[in-house]
Amino acid sequence: MTEVAPGGSAEKVSPEEAGLRFEVDGEIATVTLARPEKRNAQTFATWSALAQIGEHLPQQVRIVVVRGEGPSFSAGIDLRMFTPEGVPGQGSFASAATLEGKAFEERIAKAQEGFLWLRRPDIVSIAAVQGHAVGAGFQLALACDLRILADDAKLCMKEPALGLVPDLTGTKPLVDLVGLSRAVEICLTARVVGAEEAARIGLAELVVAPGELTRAVADLSAALLATNRDAAAATKRLLQGASVRTLEEQCAAERLEQAQRIRSLFG
Ligand code: CAA
C-alpha cells in the first residue's frame, strides 16, 4: 500500500506500515504509536498514516485518544532523518535539503495534515502521555484538545537544540496554553517540562500515576460522551473561535449557534 512520492515522502501508508494501531470502539477511536522499541519515533509515514486516519474517521467517532505504547509517548522524529541514509523510502533531511522552490514546504504541509485534524470540532482528542514526549512527540500531544499525563511524563521541545524549529503545528497551541514568554523559555532552552509543572502551567488537564492513565482517559471520555453530540461540536466551534473574535463577534457567533441548536431541538 505504500506509495513513495517524489522527494521521498510516503504518501499513502497503512497504520500498520507506519507503526501505528487504529482501533474503534463505538464512539471512541484510539490511535496508538506502536513502535515502543524505538520509543515511538515518528517518520513521514507516521504523519501520512495519521492524516489518512483523520480523513477516514468513522462518522460515529466523537473521541480520539492518542497514546504511545511502552515507556515513552514518543521520542519525536526518527533520528535516522539526520543521517545521510535517512529512513528507507522516505529520504533524509540531506535529500530534502535538495528539494527546490516550495517542494519542501509542501512536504511539511503534508506532515502537518497528520496533526491538524485532531482539532476538528466534531471530535475531542485526548493525548495520554507517559514518559518522554520529545519534539514531534510533544507537538502531537499539543495537537490534541486535552492532555492527561502520567506523573513520569517529560515534555521537551527539542527542535531548537537540533538547529530546527517546531513545525508540526505545535507552536500555536503552546503559546495559547502557556503564553508567549513561557513558550519562548521552554522552546529556546529545549528543557524538560515535568508532569507537575505541565499541569501547573496549563499543558495538562490531569496528572495521574502511570498505572491510572488508561482509567483516567476512559473516565474523561465517558464524561465527554455524556453531553449532546451536536451541542458539543457547536460549543467547541465557539470556544475555538473565541480568542480571535471581538466580544461583539463572539456574542454574534453564540447567537447563531444557539439559534441553530434551538431550531434543531424544538423546531
Ligand atoms: N529516532 C529513532 N530511534 C530512536 C529515537 C528517535 N527519535 N529515540 C529513541 N530511539 C531508539 C534508540 O536508538 C534505541 O534503539 P536501539 O535499542 O536499537 O539502540 C531505542 O529507541 C531506545 O532508546 P533509548 O535507549 O535511548 O531509550 P530511553 O528510554 O533510555 O530514552 C529518550 C528515551 C530520552 C526519548 C531517548 O531515546 C532520546 O533522547 N531519544 C531522542 C530524542 C530526540 O532527540 N528526538 C528528536 C526530537 S526533535 C523532533 O522531533 C524534530 C521535529 O519535529 C522536526
Side-chain angles (χ1 to χ4, degrees), residues 15 20-33 50 53-69 73 114-130 133 140-151 153 155 169 172-173 176-178 195-196 198-245 250-267:
L20 296 176
R21 254 199 338 271
F22 177 62
E23 292 147 314
V24 177
D25 180 8
E27 294 175 308
I28 302 177
T30 302
V31 180
T32 303
L33 303 169
L50 276 173
I53 288 171
E55 204 176 317
H56 301 290
L57 198 68
Q59 228 190 336
Q60 82 267 17
V61 170
R62 291 183 60 188
I63 307 284
V64 176
V65 177
V66 181
R67 58 182 293 277
E69 212 164 84
F73 176 72
F115 294 67
L116 285 171
W117 65 273
L118 289 160
R119 283 103 166 164
R120 263 165 47 178
D122 57 322
I123 58 168
V124 179
S125 50
I126 305 172
V129 180
Q130 80 289 354
L140 183 57
L142 283 166
C144 293
D145 296 310
L146 307 172
R147 281 151 294 283
I148 301 187
L149 268 47
D151 61 20
L155 313 176
T169 79
K172 182 162 173 55
D176 288 348
L177 290 168
V178 304
E196 182 275 324
R200 186 160 38 81
I201 65 177
L203 285 173
E205 278 48 64
L206 190 63
V207 175
V208 298
E212 295 295 314
L213 193 54
T214 305
R215 165 61 73 90
V217 170
D219 287 350
L220 177 58
S221 302
L224 289 162
L225 289 176
T227 56
N228 175 286
R229 179 186 195 119
D230 296 329
T235 303
K236 186 172 165 187
R237 269 197 303 273
L238 272 177
L239 296 172
Q240 284 180 318
S243 66
V244 293
R245 293 195 195 104
Q250 185 69 4
C251 287
E254 288 178 0
R255 293 194 293 272
L256 193 67
E257 292 283 9
Q258 193 71 310
Q260 277 171 12
R261 294 275 66 245
I262 287 171
R263 274 188 207 111
S264 80
L265 287 171
F266 305 105

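Just the heavy atoms: all of them, side chains too, but no hydrogens, waters or symmetry mates, feed the values below.
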Task: Enclosure of Asn228 CG (heavy-atom neighbours >12, cutoff 6.0 Å) - done: yes
Open item on the list: For the CG atom of Leu140 and the OG atom of Ser125, what is their distance to the nearest 0.5 Å?
Closed with: 9.0 Å
- [ ] Provide the closest heavy-atom pair for Ala198 versus Leu155 in the form atom of the first, atom of the second, distance.
- [x] CB-CD1, 3.9 Å
TODO: Flag the pair Leu146 / Leu224 as yes when at least one side-chain heavy-atom distance between them is below 4.5 Å, and no otherwise.
DONE: yes
Open item on the list: Looking only at the side chains, is there a donor atom on one of Arg67 and Thr214 sitting less than 3.5 Å from an acceptor on the other?
Closed with: no
- [ ] Could you grab the distance from atom CD1 of Ile201 to atom CG of Leu177, nearest 0.5 Å is fine?
- [x] 9.0 Å
Open item on the list: Which heavy atom of Ala150 sits nearest to which heavy atom of Ala195, and what is that distance?
Closed with: O-CB, 3.5 Å
- [ ] Evaluate the side-chain proximity of Ile28 to Val61: yes if any heavy-atom separation is below 4.5 Å, no if none is.
- [x] no
Open item on the list: Could you check whether any side-chain heavy atom of Leu206 comes within less than 4.5 Å of a side-chain heavy atom of Leu220, counting everything from C-beta outward?
Closed with: no
TODO: Enter the distance from Leu20:CG to Thr32:OG1 here, rounded to the nearest 0.5 Å.
DONE: 8.5 Å
Open item on the list: Please check: side-chain N/O of Trp117 versus main-chain N/O of Ile53, any donor-acceptor pairing under 3.5 Å?
Closed with: no
Open item on the list: Tell me which pairs pass salt bridge (charged side-chain N to carboxylate O under 4.0 Å, His left out) where either residue lies in residues 218-242, with sequence neighbours left out.
Closed with: Glu27-Arg229, Asp145-Lys236, Asp230-Arg261, Arg237-Glu257
Open item on the list: Do Ile148 and Leu213 make a side-chain contact, defined as non-hydrogen atoms from C-beta onward lying under 4.5 Å apart?
Closed with: yes
- [ ] Decide yes or no for Val208 and Asp151: does some side-chain heavy atom of the first lie under 4.5 Å from some side-chain heavy atom of the second?
- [x] no
Open item on the list: Can you pull out every salt bridge (charged side-chain N to carboxylate O under 4.0 Å, His left out) where at least one residue sits in residues 199-212? Sequence neighbours excluded, please.
Closed with: Glu196-Arg200
Task: Shortest non-hydrogen separation from Gly26 to Gln60 and the atoms involved - done: O-CG, 3.2 Å
Open item on the list: Give me the atom names and distance for the closest heavy-atom approach of Arg119 to Pro173.
Closed with: NH2-CG, 3.5 Å
Open item on the list: Is the shortest side-chain heavy-atom distance between Arg62 and Asp122 below 4.5 Å?
Closed with: no
Task: Value rounded to 0.5 Å, distance of CD in Gln130 from CD in Glu69 - done: 9.5 Å
Open item on the list: Looking at Leu203, is its backbone amide N or carbonyl O close enough to the side chain of Arg147 to form a donor-acceptor pair, meaning the two atoms are under 3.5 Å apart?
Closed with: yes
- [ ] Let me see the working for Arg21 and Thr30 under side-chain hydrogen bond (donor to acceptor under 3.5 Å, both in side chains), right down to the final yes or no.
- [x] CA-CA 8 Å; Arg21 254 199 338 271; Thr30 302; over 6 Å; no
TODO: Answer whether the closest heavy-atom distance between the side chains of Val64 and Leu118 falls below 4.5 Å.
DONE: yes
Open item on the list: Please find the pair of heavy atoms, one from Ala133 and one from Phe73, that lie closest to each other, and give the distance.
Closed with: CB-CD2, 3.9 Å
Task: For Gly114 against Leu50, the heavy-atom pair lying closest together - done: O-CB, 3.5 Å
- [ ] Using the test side-chain contact (heavy atoms from CB on, under 4.5 Å), find all partners of Gln250 that sit at least two apart in sequence or belong to another chain.
- [x] Leu238, Ala242, Arg245, Glu254
TODO: Could you check if a side-chain atom of Glu23 sits within less than 4.5 angstrom of a side-chain atom of Val31, using non-hydrogen atoms only?
DONE: no
Open item on the list: Distance check, rounded to the nearest 0.5 Å: Asp176 atom CG versus Leu142 atom CG?
Closed with: 10.0 Å
Open item on the list: Nearest 0.5 angstrom please: Cys144 SG to Phe115 CZ, how far?
Closed with: 9.5 Å
